[in-house]
Amino acid sequence: MALFTPSFSFKISASSSPRRCRFVKSPRSFKLRAAVAVESPSFSSADRDGAPKLLLEVKDLSAVIVESKQPILKGVNLTVHEGEVLNFRLITQSILLFLWDAEGGLMYFVTIMADKEIEVHAVMGKNGSGKSTFAKVLVGHPDYEITGGSITYKGQDLLEMEPEERALAGLFMSFQSPVEIPGVSNIDFLNMAYNARRRKLGLPELGPIEFYGYVAPKLEIVNMKIDFLNRNVNEGFSGGERKRNEILQLAVLGAELAILDEIDSGLDVDALRDVAKAVNGLLTPNNSVLMITHYLRLLEFIKPTFIHIMENGRIVKTGDISIAEILEREGYKAISNT
Ligand code: ADP
Ligand code: MG
């Protein structure tokens, strides 16, 4: 299981305000100088009885292609839980300040570490088994019509929600083949999407300059140059750049459930490592991941809690990483139901 250790810290400065004092020992008077430094995680991921909360519950889901009525999903069952806080650890550190002609004293740093287990689900399966269709149905793609079953997301009937509402409720999907949006720059697109999320949260929108300040550091996460922001969305991007751009969107928008469809396809080893590192870096206490992949190599970077095998529109097997190892060695016939 993936163990994840987010932390937040705050510092309390203790100062005795001596002037021209080189060295200050334990001061008597304390002054609160700084508060929470990093966004604090929400610790509401477990029910009152301590059981992890359901994030997504898919039951007997069937779907057909709208145009042809061809059945693709034929009874999918899958459950994803929210992450679970295992325990808290307090780490206290103090440093002495040596400030000439200024306030000196002791500075205390208190870091609260929350050890969490987050669920990372991997869906594997032969080409054409319905993996991408399943992912697209979750985000409300109009090509598919639901013909049976249910999807509950954070206690709500997901099928009753419009695709935009699903996105605003924290469902994010990176597409296997991200589309170009001619005439719309990456930064405008991200700014628009991010402001929609902020409006939903009752927060003020960010103007272009503020947004630039927010997005620029995120480029580092995906190892992208700043000029990517001014290019039109995915226009002329290589396969690897498109994948990085998808992860940049995830970094900007955040997600409670990130659905990543073949983020490893078409990537060389270095790009794969970058993208996997970025995804791992984005995993916060409040999100879970559903990723579709063919390859063990991605799962060695982003460790899955569960692996599901999809076959002919159904999940036919669920297990741990050993399933992927068998697959890699012996192919799908070794785990196939047919
Ligand atoms: P996977 O991602 O597992 O490779 P897909 O979900 O993309 O599989 O596709 C499952 C099957 O459904 C394939 O045979 C595919 O051609 C078909 N399919 C999916 N979406 C469409 C669509 N919009 N129009 C026509 N056929 C589709
Ligand atoms: Mg696919």
Side-chain angles (χ1 to χ4, degrees), residues 56 58-78 80 120-149 151 158-159 162-163 166 171-180 234 237-240 242-247 249-250 255 257-267 271-272 275-276 279 289-299 302 304 306-319 323-324 326-328 330-338:
L56 177 81
V58 179
K59 282 189 180 165
D60 296 324
L61 186 72
S62 328
V64 299
I65 297 170
V66 168
E67 236 178 52
S68 61
K69 302 292 175 216
Q70 182 195 347
I72 306 294
L73 301 183
K74 301 168 184 172
V76 178
N77 289 290
L78 183 87
V80 180
V120 175
H121 292 252
V123 179
M124 305 181 84
K126 284 184 194 167
N127 287 332
S129 56
K131 304 179 299 296
S132 294
T133 302
F134 176 50
K136 286 190 263 182
V137 160
L138 289 177
V139 293
H141 198 289
D143 280 359
Y144 309 98
E145 183 187 323
I146 309 300
T147 48
I151 311 178
L158 193 75
L159 298 176
E162 293 297 324
R166 298 181 196 198
L171 208 56
F172 173 91
M173 177 175 174
S174 84
F175 285 86
Q176 187 175 347
S177 314
V179 291
E180 293 181 8
N234 288 323
F237 284 22
S238 71
R242 284 181 187 220
K243 300 287 171 177
R244 285 171 200 257
N245 206 36
E246 293 285 293
I247 302 306
Q249 287 173 20
L250 174 60
L257 180 61
I259 304 165
L260 310 174
D261 193 358
E262 295 201 24
I263 46 161
D264 48 350
S265 71
L267 297 187
L272 175 73
V275 164
V279 171
V289 176
L290 182 68
M291 56 182 182
I292 296 168
T293 183
H294 284 292
Y295 303 108
L296 185 60
R297 58 177 198 169
L298 179 69
L299 305 177
I302 307 173
F306 299 105
I307 293 185
H308 310 275
I309 303 296
M310 186 166 264
E311 195 176 292
N312 193 19
R314 278 194 198 94
I315 285 171
V316 294
K317 209 179 198 85
T318 292
I323 296 191
I326 296 172
L327 256 184
E328 189 96 339
E330 301 170 43
Y332 280 103
K333 64 178 182 321
I335 47 167
S336 172
N337 264 13
T338 52

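The basis for the numbers below is simple: all heavy atoms, side chains too, and nothing from hydrogens, waters or symmetry mates. Remember, it's 1-based here, ligands and their atoms both numbered in the order they're listed.
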To check your reading of the model: name the closest protein heavy atom to atom 4 (O) of ligand 1, its residue, and the distance in Å. Gly128 N, 2.7 Å

Tell me whether the rings of Phe306 and His121 are parallel (<30°), tilted (30 to 60°) or perpendicular (>60°). tilted

Heavy-atom check, side chain of Val275 versus side chain of Leu267, under 4.5 Å: yes

Could you list which atoms of ligand 1 come closer than 4.0 Å to a heavy atom of Asn127? 4 (O)

Short check: is a protein heavy atom less than 4.0 Å from atom 12 (O) of ligand 1? yes

Any salt bridge between Glu262 and Lys243, counting N to O under 4.0 Å? no

Given side chains that start at C-beta, do those of Tyr295 and Leu272 come closer than 4.5 Å, heavy atoms only? no

Side-chain heavy atoms of Arg166 within contact of Met173, under 4.5 Å: no

The closest protein heavy-atom partner of atom 7 (O) of ligand 1 is Ser132 CB, 3.6 Å

Contact region, Gln70 to ligand 1, non-hydrogen atoms below 4.0 Å, reads neither

Does Ser132 bring an N, O or S atom to under 2.8 Å of the Mg ion (ligand 2)? yes

Indicate yes or no: at least one non-hydrogen side-chain atom of Leu61 is less than 4.5 angstrom from one of Ile146. yes

Strictly under 4.0 Å, does any heavy atom of Lys126 approach an atom of ligand 1? yes

Ligand 1 N/O within reach of Thr133 N/O, cut-off under 3.5 Å: yes

Could any protein non-hydrogen atom be found less than 4.0 Å from atom 27 (C) of ligand 1? yes

With a 4.0 Å cut-off on heavy atoms, is Ser129 in contact with ligand 1? yes

Could you tell me whether Glu330 atom CD has more than 12 heavy atoms of other residues or ligands within 6.0 Å of it? yes

Which of the numbered atoms in ligand 1 are under 4.0 angstrom from any heavy atom belonging to Tyr144? 19 (C), 20 (N), 21 (C), 23 (N)

For ligand 1, indicate whether the residue Phe134 contacts it via side chain, backbone, both or neither (heavy-atom separation under 4.0 Å). neither

For atom 23 (N) of ligand 1, which protein heavy atom lies nearest, and how many Å away is it? Asp143 OD2, 3.3 Å

When you compare ligand 1 with Ile65, is there at least one nitrogen or oxygen pair between them that comes in under 3.5 angstrom? no

Is there a polar contact, in the sense of an N or O pair closer than 3.5 Å, between Lys131 and ligand 1? yes

Considering only heavy atoms, does Ile72 approach ligand 1 within less than 4.0 Å through its side chain, its backbone, both, or neither? side chain

Quick check: do Ile151 and Val137 have side-chain heavy atoms less than 4.5 Å from each other? yes

For ligand 1, which atoms have a heavy atom of Gly130 less than 4.0 angstrom away? 1 (P), 3 (O), 6 (O), 8 (O), 10 (C)

Are Asn234 and Val179 side-chain neighbours, meaning at least one heavy-atom pair lies under 4.5 Å? no

Any chance CZ of Phe237 has more than 12 other-residue heavy atoms, nucleotides or ligands included, within less than 6.0 Å? yes

Arg242 and Phe175, any side-chain heavy atoms less than 4.5 Å apart: no

